[in-house]
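In what follows, a structure is listed as structure tokens, so that the remarks can point back to it.
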2 protein chains.
Amino acid sequence: MAKEKKRKVGRPSRNDSDLDILSGSDRREQIISVTAALFSEKGYDRTSMRDIAAATGILSGSLYYYFPSKEALFLEVHSAGMKILTNAAREVWAATDDPWERLEKLAAAHSKALLENSGFMIMVFPRFPEGIDAFRPELIRQRNEYESIIAQAVETLDLPDGIDRSLFRLQFLGALNWSQTWYSPKHGISPAEIGMHLVRMLRPLRG
Amino acid sequence: MAKEKKRKVGRPSRNDSDLDILSGSDRREQIISVTAALFSEKGYDRTSMRDIAAATGILSGSLYYYFPSKEALFLEVHSAGMKILTNAAREVWAATDDPWERLEKLAAAHSKALLENSGFMIMVFPRFPEGIDAFRPELIRQRNEYESIIAQAVETLDLPDGIDRSLFRLQFLGALNWSQTWYSPKHGISPAEIGMHLVRMLRPLRG
DNA sequence: GTCTATACAGCGATAGAC
DNA sequence: GTCTATCGCTGTATAGAC
């Protein structure tokens, strides 16, 4: 999505083993990775292009060689983060049959992706930057792609009447996402355990 | 919202029936109420003092007659929001004996306060504005005052081994708080029902 | 590809007239 | 109490040299 290559002249001289986010090998990937960490740490609004440039080791004007705007850069970061999350979920899905065990592993994977990696938690930031309307449909699409995996997992659960599966998904993800606000490694509890604990709380629901 | 009085000359000539979210009767209360709505809608960073002034019907310079800084104004808004939440929780606590019924009512009250009122959801915003360090201890204190009521309620529940009460509280509140991000009145579900649904999901835990 | 230099807008905040 | 006028700063973004 929206790769925006933009290489206008000269040879790419790249082997196109491109992307692979946390070990980005060229400048473009480096910027995305650095930006993800800053957005996660300070939020979108409070991270300036100058901050990003400084953390990358270049000057702010140079950023615009790679990305046409701050919002476009946000889209790349969001995209990379959702890719991590979606891939992890697909992997769990393929490897597990039991519905509740699957949910437990999805929860653990979600928490790990959110709390463990250098900082792509931006992917589930409560609200998108404003004025980003041009990109919003693409952001929503990425988010839905991931959430539909969770929705499917919830669909396979045996749940009593009175439990709304859509609300189940929203509150399940909400409990996990909110952990951004309080988690600290010092808690003595691991991200994976946070996810597993949530499913332990919900599991008695099974018919 | 957006009263836009703009009377520039003459005396105030107020009958003091002006606006009242917390029954605030004067300009100061009006500003707090208007600001709460704007912070909830657009976030702290993206709401300028000029925005607030315009929505109040005055000019930005005048705000500084009432509040020394934007951060001080944030503190007032946060304080008002937490007061709503804390009062509601105390009321529930006094009126209910059964632990699970109490939790259900606390959840419903929390959701209502968060989603229903004109806009004090700022009170549980994921992160405080930065550079607000001088006020941070007071913000934390207000938050803890409320959360300790929830903690007490969780303490009285009969829970199986393997459930951490502290984590229970955090994930319980997380699921509720996150609803800010997806709730819309069009869902056909009421805020109170959102809270009750969450407790319905957790209730089978009881020993 | 990166830097220099800068345009231009918007921000929080203040001083002083009324 | 409110407005007028403005200061100083920081933000995104651009143009053009190298």
Side-chain angles (χ1 to χ4, degrees), chain A residues 4-14 24-32 34-35 38-39 42-77 129-135, chain B residues 3-16 18-19 24-32 34-35 38-39 42-77 128-135:
Chain A
E4 229 107 10
K5 292 272 175 168
K6 200 154 238 178
R7 59 175 65 108
K8 21 186 73 152
V9 353
R11 317 150 329 272
S13 104
R14 312 263 289 327
S25 52
D26 65 2
R27 187 118 274 181
R28 188 185 153 86
E29 301 305 321
Q30 184 197 1
I31 292 169
I32 293 174
V34 157
T35 305
L38 288 174
F39 281 176
K42 313 199 299 170
Y44 177 88
D45 287 325
R46 304 188 95 90
T47 302
S48 71
M49 292 298 266
R50 291 192 235 268
D51 291 340
I52 295 167
T56 307
I58 57 178
L59 289 189
S60 71
S62 308
L63 289 174
Y64 291 88
Y65 174 80
Y66 297 96
F67 306 95
S69 69
K70 187 184 181 186
E71 284 167 9
L73 176 52
F74 174 85
L75 179 64
E76 296 299 317
V77 170
E130 296 224 354
I132 205 170
D133 293 330
F135 298 126
Chain B
K3 302 273 296 192
E4 230 100 10
K5 293 262 179 175
K6 200 146 245 173
R7 58 173 68 105
K8 28 186 64 153
V9 348
R11 309 154 336 274
S13 101
R14 313 254 292 329
N15 52 9
D16 261 26
D18 230 327
L19 190 40
S25 53
D26 63 1
R27 183 118 279 177
R28 188 185 152 87
E29 301 305 320
Q30 184 197 3
I31 294 170
I32 292 175
V34 157
T35 304
L38 288 174
F39 281 175
K42 312 198 301 170
Y44 177 88
D45 287 325
R46 304 186 96 89
T47 302
S48 71
M49 292 298 267
R50 286 170 172 87
D51 291 339
I52 294 167
T56 307
I58 57 178
L59 290 190
S60 69
S62 308
L63 290 174
Y64 291 87
Y65 174 80
Y66 297 96
F67 306 94
S69 70
K70 188 184 180 186
E71 285 168 9
L73 176 51
F74 174 84
L75 179 64
E76 297 298 317
V77 170
F128 296 138
E130 295 223 357
I132 205 169
D133 293 331
F135 297 126

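Scope of the values below: all heavy atoms of this structure, side chains included, with no hydrogens, waters or symmetry mates. Chain A is the first sequence line, chain B the second, and so forth, proteins listed ahead of strands; every chain is numbered from 1.
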Pairs meeting criterion salt bridge (Lys or Arg N to Asp or Glu O under 4.0 Å) with involvement of residues 48-66 of chain B, two or more places apart: Lys42(B)-Asp51(B)

Pairwise salt bridge (Lys or Arg N to Asp or Glu O under 4.0 Å) hits with a residue in residues 59-73 of chain B, at least two apart: none

Non-neighbouring partners of Ala54(A) that pass side chain to side chain contact (heavy atoms under 4.5 Å, CB included), sequence neighbours left out: none

Contacts of Ala55(A) that satisfy side chain to side chain contact (heavy atoms under 4.5 Å, CB included) - sequence neighbours left out: Val34(A), Leu38(A)

Rounded distance [0.5 Å steps], CD1 in Ile52(A) versus CZ in Phe39(A): 4.5 Å

Any Arg27(A) side-chain N or O less than 4.0 Å from OP1/OP2 of dT2(C): yes

Presence of Tyr65(A) side-chain N/O under 4.0 Å of dT14(D) phosphate oxygens OP1/OP2: no

Ile58(B) backbone acceptor or donor facing Ser62(B) side chain under 3.5 Å: no

Spacing between Phe67(A) atom CZ and dT14(D) atom C1', to the nearest angstrom: 18 Å

For atom CG of Leu63(A) and atom P of dG11(D), their distance in whole Å: 13 Å

Under 4.0 Å protein heavy-atom contacts per nucleotide of nucleotides 3-18 of chain C, with B for base, S for backbone only and - for none: BB------BBBB----

